[in-house]
Structure formats: structure tokens, C-alpha cells
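Data block below; observations after.
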Amino acid sequence: MAKFDSDWIPPLAMTIFAHPDDMEFSCSGTLAKWAKAGCEITAVLCTSGNVGTHDVKYTEASLMEVREHEQRNACQVLGIKHSEFLRHDDGRLVADLTLRRELVRLIRRYKPEVVFCGDPNQVFWGSNRINHPDHRAAATAAIDAVFPSAPMELLWPEEGPVHEVHGVYVRTFENVDTWIDITDTLDLKIKALREHHSQLDDNKGLEEMIRQRSADTGKEKGLAFAENFRVVRLKE
Ligand SMILES: [Zn+2]
């Protein structure tokens, strides 16, 4: 099958998201499917979600510890090999050169063909939600690290030999062009989300919501359950 087809699976992939659980909501059905097929995946967490609670029993430090533990367990459920925590502060993530350079270092070290990230242009979700600014910052930094930074020999040579990412799988609602069948891994997606106890234990309707959303996404292509992406094909 051709590169970037729905059934194509690269040997190496990386996810770059702002908070623990972002990756699970965005693309974990696909990740579990790819991992099962032998893809070696690295999950990069720009923050450890250290202010993501209304529960006053936590401090920033204790919440960070809990959420990293939850994230590692979720990675294990999905078959994700590596997790990298950059530990920027939650709610204050900025797509600056420090963050971009850290991402360049990881892209050059792990050499993924595919990078998954969010959509830096997504400010609103429908008519009643605002996208978290950390999500936009992580997405911007990810894309700017992939291009032009990681492949430029003269840019930060001390961060390792250059690497060219082949494609970016953007989780978005616009210009979506690739549907991935997650029928066999939907249960793993839900199980991985359930590892984020500090975030989702109160969310009783979570499983139903994920099933419904995945079914709605799949319907357009005659799939029982799917995730979809805008795939930016940098290297065909
Ligand atoms: Zn988030």
C-alpha cells in the first residue's frame, strides 16, 4: 500500500501534545493499532497537566506526579514504548524557541516518520467551547519543530543529526482527508482514557461519548469506528 494510505503504518511515530490525556482523546485508537503492528511510538508531553484539577487536595507538584503516573499507565495500555515529559507549566505553555528546540532534540533523537499533533488554528470548538491555549501552543511548536527546524543542519547542530519527518497527522475538524479504522482498538482507547483517573473518574458518560464520536467519524467512510486526520505529506 502507498505511503499515507489509511492502512499504511510507519515503523516510527511520535505524538506531541500539551497535556496527559490529549493524545488519548485525539489519536489513541490509531496509536494502539500502529503499536500492535510493530510501530515504535514516542509520546511527548509538553506539560504534565499540573494545574488540571478543581480538587484542592492537590498541589502543582503532587498533581504532576499523579498525572505522569497515569500517563505512563495509559502508554502501557496502548503499547507506546517511550514517554518524554518536558514539564512546562500547565496553563502557561508558550510556543517559544525553548520549546521548539526541545522538540527538535526529540525528533532528531527518535527519528519519527510521522508526528501527530493538534491544530494550531483551532481557537473555538463549535459554538460553546474555547480550545485550551496550551493545545494551540503545543501544536504550533510541534509543526515549527518538524518544519523547518529539525532538518536544518546549521540550526542547533548540538541537538543531534538532522531528521526529516515524512508526514504530520493533524487532529482537526477542517480539511480532514484520512480516516483510520479503529474498530479493533476502540476498547484500548477507552481503557487508556480510563487510566487518567484524576481527570476522568467523574465522567460517567465517557465511554458512550467516545463510542458515539468514533462511530460518527467512521460513518462517512462505512467504518464502524474511526479517527480522522488532516495528513500533511511532506515527503511522499
Ligand atoms: Zn488538554
Side-chain angles (χ1 to χ4, degrees), residues 13-32 41-55 58-75 77-78 80 83-96 99-100 102-103 106 115-126 128-145 168-174 188-203 205-207 209-210 213-214 217 227-230:
M14 173 176 280
T15 69
I16 300 174
F17 287 98
H19 311 118
D21 84 14
D22 291 349
M23 169 184 85
E24 285 77 358
F25 279 112
S26 302
C27 57
S28 61
T30 300
L31 298 173
I41 301 167
T42 301
V44 179
L45 287 291
C46 297
T47 85
S48 295
N50 57 330
V51 300
T53 186
H54 296 290
D55 186 338
Y58 291 109
T59 62
E60 284 196 75
S62 69
L63 185 59
M64 178 178 92
E65 203 174 309
V66 165
R67 296 198 67 183
E68 287 187 5
H69 179 71
E70 292 171 350
Q71 185 62 70
R72 288 195 181 91
N73 289 341
C75 283
V77 168
L78 297 169
I80 291 175
S83 44
E84 293 281 352
F85 296 95
L86 299 179
R87 294 182 178 152
H88 289 267
D89 279 324
D90 183 9
R92 289 148 283 177
L93 191 67
V94 179
D96 59 11
L99 177 58
R100 197 201 298 182
E102 289 171 322
L103 296 176
L106 293 173
V115 167
F116 288 86
C117 64
D119 181 346
N121 297 321
Q122 197 85 53
V123 180
F124 304 109
W125 275 337
N128 59 356
R129 289 183 67 195
I130 294 172
N131 189 17
H132 196 299
D134 289 357
H135 295 167
R136 279 181 273 138
T140 297
I143 286 166
D144 294 351
V168 183
Y169 283 49
V170 183
R171 175 69 194 115
T172 183
F173 300 99
E174 283 162 21
L188 287 174
K189 175 172 180 140
I190 292 165
K191 197 165 176 238
L193 279 161
R194 280 286 171 221
E195 292 294 342
H196 295 277
H197 295 284
S198 68
Q199 304 301 299
L200 297 169
D201 275 4
D202 294 340
N203 190 338
L206 176 73
E207 177 163 351
M209 189 263 279
I210 295 294
R213 193 187 283 177
S214 309
T217 303
E227 288 171 343
N228 59 6
F229 303 95
R230 175 180 186 175

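In listed order, ligands and their atoms are each counted from 1. Residues take their numbers from the sequence shown, with the count starting at 1. Here the structure is a predicted model, which means the values were calculated and not measured.
Closest approach of R194 and N203 over heavy atoms only: NH2-O, 3.0 Å.
For the Zn ion (ligand 1), the nearby protein N/O/S atoms, meaning those under 2.8 Å, are H19 ND1, D22 OD1, H135 NE2.
When the side-chain hydrogen bond (donor to acceptor under 3.5 Å, both in side chains) test is applied to Q71, the partners found at least two apart in sequence or on another chain are E24.
For the residue pair N121 and R136, no side-chain donor N or O sits within less than 3.5 Å of a side-chain acceptor on the partner.
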- Item | Pair L86-V44, side chain to side chain contact (heavy atoms under 4.5 Å, CB included): steps then yes or no | CA-CA 7 Å; L86 299 179; V44 179; 3.9 Å; yes
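Heavy-atom neighbours of D202 CG from other residues, nucleotides or ligands within 6.0 Å: at or below the threshold of 12.
Tested against C46 for a side-chain contact (heavy atoms from CB on, under 4.5 Å), the candidates L99, D90, D89, V94 yield a single pass: L99.
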